[in-house]
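Here is the naming used below: chain letters follow the sequence lines, and residue numbers restart at 1 for every chain.
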Amino acid sequence: MPKIIGIDLGTTNSCMGLIEDGKLIIIPNDEGFRTTPSVVALTKDGALLVGNAAKRQQIMNPENTIFSIKRFMGRKFTDKVVENDLKLMPYKIVPAPNGDVRVVMGGKIYSPPEISALILMKLKRDAERYLNEPVEKAVITVPAYFNDSQRQATKDAGKIAGLDVVRIINEPTAAALASGFDSKSKMKIVIYDLGGGTFDVSILKLGQGIFEVMSTSGDTHLGGDDFDQRIIDYLIEEFYKKEGIDLRGDRVALQRLKDAAEKAKINLSTLEAVEITLQFIAVTKEGPKHLQTVLTREKLEALTKDLAESTAVPCEIALRDAGLKPSDIDEVVLVGGQTKMPLVRSVVSRIFKKTPYEGVNPDEAVAAGAAHQASVLKGDIRDILLLDVTAFSLGIKTEGGVFSKIIEKNSSIPTRKSEIYTTTKDNQSFVRIEVYQGEKPMAADNKLIGTFDLVGIPPAKKGTPKIEVMFDIDANGIIKVSAKDLMTGKEQAIQITPDSGLSKSEVERMAKDMTTEFAEKLAKGEKLKVQQEYKQVEQLPGDKDAGVLGEVKTEEQKKKKSIFDIFKKKEG
Amino acid sequence: MAKKNINYYELLEIYPAATQEEIENAFRAALYKYHPDHNPDRPEWAHEKTAEVVEAYKVLSDPLRRKIYNFIIFASLKKTTKEYKFGIFQFNEKKKFEEAMQYFKEGVELFDQDDKAAALLKFQQAFGTYKFSEAIYNVGVIYIITNKLNEALHAFKEAQRLDPENQHYVKVLDRLQELMREIDKARK
Ligand SMILES: Nc1ncnc2c1ncn2[C@@H]1O[C@H](COP(=O)(O)OP(=O)(O)O)[C@@H](O)[C@H]1O
Ligand SMILES: [Mg+2]
């Protein structure tokens, strides 16, 4: 039987898992790493790079290196979130004819699903190489907060990459599946997922093998990137104070700052202080300027405290929605790279009054869960069942633009609700239904999913036709609308105009491109990557990793060799 | 009221007197049976069934909703051969029964669309052959179904005032008041 792999298609990093003979394998990429940066790049000479190779050359080629594409999946160019990102991204972002986001790479325009497909295709290839057999099916995870268009876009990405996406599951649910709790025992757990771009918190009820989501909440725009940004802002400000030079306008400098900031942040999860050195960060009449500074964990915590603490609100909402108190929670599971930061851990302990669970790898839990779900779908695991919920209410626009809810937020899926529609004029032949997703009382303030026209209604007096419209949300969280004429019992014709996304033919064309045009470019990239591995990537002169200044590991050492104190003295 | 009259107890294969724990166990068992993940060869059927099971659990696992649901479902389940019955509707003639039922259903639909005046007209037609106390009582039942408990209380009180001998009205009124006390408690 063909294998189904589990894929965590992350904003920052992606990861693959597979259950074989009842055992979990995290499938490494072709460089042997267990996670792959979700980065795609096109080099000046037309080579396509994905993953580490793309990330490595990011500094040299920022305009043509696409990262965090997940932020734009299923989004409109005019979305507020996009507006903010526009300024942060070194690559170009443009609107599509239908208002969706497009990105520019190597002078060509790509849809976010195409970029994601390139990542998926790399993962697929690496998995095939590792497993030594074709991989055609996958379970892919998405944030619980993904709405219909974002889920649809993720499915499209799979199709473009030649993958049959057999199921989309929510990341926190996947993490819960992977936590390895005895599914027979009854317990309530919190999944706290702080990744590179999103924050998700979910509360799940476990019992008799069923993982039931009680509530989910989060912040679609809070993650490690924001922590990095705080460091960048701080470095820019310090540099400005010292040198009077504003680095904000310099894209290459910004990219280098971002790199250094992230490295410093990661190192500060285990160290007390790090040195950041960026030589030749600016050039003035007097000569080149270097940025050299020391960042302590204390300073980092001061810079990002409010970010970590802002996760408390969604946590409280999730608790409230589930009707629970912190003391009702049995375990808190930390997922996502950013939860490795000690500050985040302590904030979590405070919110839930509990030390977080140590049994999962924050980088791999989601992929592991996807692999478990794949195994369930294959029929290999029969004693586990995942019951997800919708993160949004679904409804329609009614008189006066009021949003009338049909399916409430946090309803278990799959679910179906039906409504009866009729005509308001004699011989009216069609009825228009506008479907929205969201929680605001006015339809216009929510997200338009699509417009549905019930067409070909037989002529009749107003109010007499009775058309039952069914709103289905399937186990993937994807919405389907269908209608039945209650008078005749026949399926009612329906025309759907989705508000966003790719059409079927677009997806098909892109999938074809993927096997021809992209394959060529990828082959070029493979060659380049081999070169890259032999010859160290050209680095900017004197650019160093965020250097390790003090390796303060144990509490004892801390007291003796207190590098920390030296800085305090210097400052004071 | 587009909802089909699904008997949730039948669906979950439990007795109407099932405890919360039995309901929970039955829910899980039904999920294993119907969930699309376990029925890859008939996804449509699995989807529909699971959606029903999820709804059933949502209603029955909430004591309040369960009471309201019980109220409706047991009213509609009584059926004898001689008489045509639907809750409070009781006719010896099929045609009349169906006519009244039609008015009743239309009334509920109008009521749901918040067209109260039109709904009342339908109810009058539906209940026309009955005593005034019964008509008022029936309106109370509709209010219960549509979750307007204060209005229902008012209607039941009126019915009881008009027909103090009717023990059923006394019982219903008691049950409703108990229900409302629970709601109040739950709110606090
Ligand atoms: N040891 C660490 N300490 C702090 N942050 C880390 C650490 N390791 C990774 N991160 C951060 O985690 C984020 C990526 O998390 P990940 O879970 O891979 O993201 P995503 O789910 O968005 O793909 C990045 O912002 C990265 O800087
Ligand atoms: Mg993640």
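- Residue contact with chain A, scored on non-hydrogen atoms closer than 4.5 Å, involves the side chain of Tyr57(B) exclusively.
- Neither the backbone nor the side chain of Leu486(A) comes within contact range of chain B; no heavy atom of the residue lies under 4.5 Å from a heavy atom of that chain.
- Side-chain contact, Asp474(A) with His47(B): no donor N or O sits under 3.5 Å from an acceptor N or O.
- Looking at His35(B), only its side chain comes within 4.5 Å of chain A, counting heavy atoms on both sides.
- Take Tyr421(A) and apply the ring-ring contact (aromatic ring centres under 6.0 Å, His included) test, not counting sequence neighbours, and it matches no residue.
- Heavy atoms closer than 4.5 Å to chain A are found in the side chain of Phe27(B), but not in its backbone.
- Counting heavy atoms of neighbouring residues, nucleotides and ligands inside a 6.0 Å radius, atom NZ of Lys157(B) does not exceed 12 of them.
- Both the backbone and the side chain of Arg382(A) have a heavy atom closer than 4.5 Å to some heavy atom of chain B.
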Intermediate values then yes/no, side-chain contact (heavy atoms from CB on, under 4.5 Å), Glu48(B) and Asp472(A): CA-CA 9 Å; Glu48(B) 188 180 329; Asp472(A) 281 289; over 6 Å; no
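- Only the side chain of Lys480(A) comes within contact range of chain B, judged by heavy atoms closer than 4.5 Å.
- Per-residue counts of heavy-atom pairs under 4.5 Å with chain B were compared for Thr415(A), Leu386(A), Leu385(A); the largest is that of Leu385(A).
- With sequence neighbours left out, Glu20(A) forms a side-chain hydrogen bond (donor to acceptor under 3.5 Å, both in side chains) with Lys3(A).
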